[in-house]
**Student:** 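First the structure, then my questions, so here it is.
Letters A, B, ... mirror the listed sequences (proteins, then strands); counts begin at 1.
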Amino acid sequence: MKNNDYQIMTSENAAPVKMWTQGVPVDPGARDQLLNTAKMPFIFRHMAVMPDVHLGKGSTIGSVIPTRGAIIPAAVGVDIGCGMIAVRTSLNAADLPDNLYGIRSAIEQAVPHGRTVNRSGRDKGSWNRPPEAVDRHWASLLPGFKRLTDKYPDLLKTNNYQHLGTLGTGNHFIELCLDEQNQVWVMLHSGSRGVGNAIGNLFITLAQEDMHQHIANLPDRNLAYFEEGSRHFDDYIEAVSWAQEYARRNREVMMQHVLEALAREIPKPFTAVQEAVNCHHNYVQRERHFGESVLVTRKGAVSAQKGEMGIIPGSMGAKSYIVRGLGNEESFCSCSHGAGRVMSRTAAKKHFTLEDQKRATAHVECRKDSDVIDEIPMAYKDIDAVMAAQSSLVEIVHTLRQVVCVKG
DNA sequence: ATGTCC
């Protein structure tokens with residue numbers, strides 16, 4: 001492994017920031033934001049920056065924030081446990097119909113997407129009654145939810161059970177892809193939906209309230225933190241862990257329903273031949289690094305322990321990657337979570353037309369309307385450059401190209 | 001990203 005696989009950014013009173021961004025553009029605003037976070041006294045050793053880095057709310061997307069003795073709830077953010085699941089099926093491209101519209105419709109029917117709940121027959125494919133998988137996974141989540149709501153009863157008012165098995169909006173998506181041997185993969189991107197959002201917002205507010213006397217001294221009020229040993233620290237760890245589990249199960253439920261929809265739509269019997277890769281890219285967990293117990297916050301970054309499988313999706317119409325971690329300790333064993341934006345959603349809508357988006361996604365069976373212009377590939381970094389910049393963090397196992405895409 | 005009353 002090369003020693004010069006990352007560059008180091010330093011500033012007075014800040015931990016070093018190690019950046020795997022060779023050959024990809026890094027927004028100056030993102031650099032400032034990274035250095036603000038690096039100034040927090042409880043950063044362990046250094047921060048690690050992935051090549052898809054870009055400005056986020058409070059802290060930077062595409063960064064790994066190792067902490068000891070404190071945690072910043074806004075660093076994880078509100079889309080707690082957001083991530084990807086992918087499985088390889090025994091199907092080949094030749095088993096798919098020429099026109100994929102029927103398959104897209106079947107997936108849209110099978111998984112509520114957009115602003116929906118999982119029952120009561122609204123538009124966009126809500127079910128009349130939630131399927132068995134929803135109730136089964138909710139039963140596993142319920143004891144933890146009860147413990148949380150005993151302490152924070154407001155969480156009872158969120159979309160919790162009602163959102164299990166639903167995709168959501170924005171850049172959450174479901175895709176059918178083909179690998180280099182034309183084998184069919186299913187992958188999807190989603191998180192902890194309404195209840196995770198509420199948990200994130202609740203604890204971000206609590207951290208700011210707990211620190212109200214000192215918050216003016218912080219470089220950014222979104223760096224408000226809980227100190228280990230405080231009541232809210234323990235409650236946050238419990239709540240964020242639960243939301244991450246909800247997100248993981250949410251993806252499992254949707255994957256099952258997509259596979260069932262394909263089975264109804266495709267005459268040839270098939271199986272999921274490769275065990276699902278199900279990885280968060282927006283989360284915090286305790287890990288051991290450099291011989292110490294560390295809280296690792298990955299905000300738009302994926303765990304890449306040696307041999308661990310991960311998913312790096314490209315933008316709509318671009319390539320996606322199934323990767324294997326190389327266990328690079330300097331990165332706290334991490335890799336990027338995607339291509340990363342070079343342009344905000346509003347800027348993309350201003351710069352590109354619907355015709356541009358239709359041209360860029362001509363090879364994919366997907367929505368082609370003005371509401372998805374902000375997902376145009378040109379609003380994202382070049383995924384090949386992003387992969388090259390992290391060649392010391394992960395190796396590519398499969399390169400996938402999308403053929404069907406369902407967006408929330 | 002979510003949900004809604006600025």
**Student:** Using distance only, find each side-chain donor-acceptor pair of residues 35-50 of chain A under 3.5 Å and give its atom names and separation, not counting sequence neighbours.
**Tutor:**
{"unit_1": "A:T37", "atom_1": "OG1", "unit_2": "A:Q33", "atom_2": "O", "d": "3.3"}
{"unit_1": "A:H46", "atom_1": "NE2", "unit_2": "A:E330", "atom_2": "O", "d": "2.6"}

**Student:** Going by ring-ring contact (aromatic ring centres under 6.0 Å, His included), name the residues that satisfy it together with A:H351, two or more places apart in sequence or in a different chain.
**Tutor:** none
**Student:** Does anything in residues 389-408 of chain A form a ring pair (Phe, Tyr, Trp, His ring centres under 6.0 Å)? List the pairs, not counting sequence neighbours.
**Tutor:** A:W185-A:H398
**Student:** Check the side chains of A:N328 and A:D5 for a donor-acceptor pair under 3.5 angstrom, ignoring hydrogens and angles.
**Tutor:** yes
**Student:** Could you check whether A:H163 gets within reach of a base, just the sugar-phosphate, or nothing at all, counting any heavy atom under 4.0 Å?
**Tutor:** sugar-phosphate
**Student:** Of all nucleotides in DNA chain B with an atom under 4.0 Å from a non-hydrogen atom of chain A, which is the first and which the last going 5' to 3'?
**Tutor:** B:dA1 to B:dT4
**Student:** Let's see if you get this right: which residues in residues 190-198 of chain A place a heavy atom under 4.0 Å from DNA chain B?
**Tutor:** A:R193, A:G194, A:N197
**Student:** Any chance you could lay out the side-chain hydrogen bond (donor to acceptor under 3.5 Å, both in side chains) test for A:Y246 and A:N160, step after step, and finish with the verdict?
**Tutor:** CA-CA 9 Å; A:Y246 178 105; A:N160 42 76; over 6 Å; no
**Student:** Quick check on the 6.0 Å ring-centre criterion: do A:H113 and A:H172 meet it?
**Tutor:** no
**Student:** Output a table of donor-acceptor pairs, distance under 3.5 Å, between side-chain atoms of residues 213-227 of chain A and any protein atom two or more places apart or on a different chain; print 'none' if there are none.
**Tutor:**
{"unit_1": "A:D220", "atom_1": "OD1", "unit_2": "A:N222", "atom_2": "N", "d": "2.8"}
{"unit_1": "A:R221", "atom_1": "NH2", "unit_2": "A:Q208", "atom_2": "OE1", "d": "3.4"}

**Student:** I'd like to know whether the aromatic ring centres of A:F233 and A:F203 sit less than 6.0 Å apart in this structure.
**Tutor:** no
**Student:** With a non-hydrogen cut-off below 4.0 angstrom, is A:N201 in contact with a base, only sugar-phosphate, or nothing?
**Tutor:** nothing
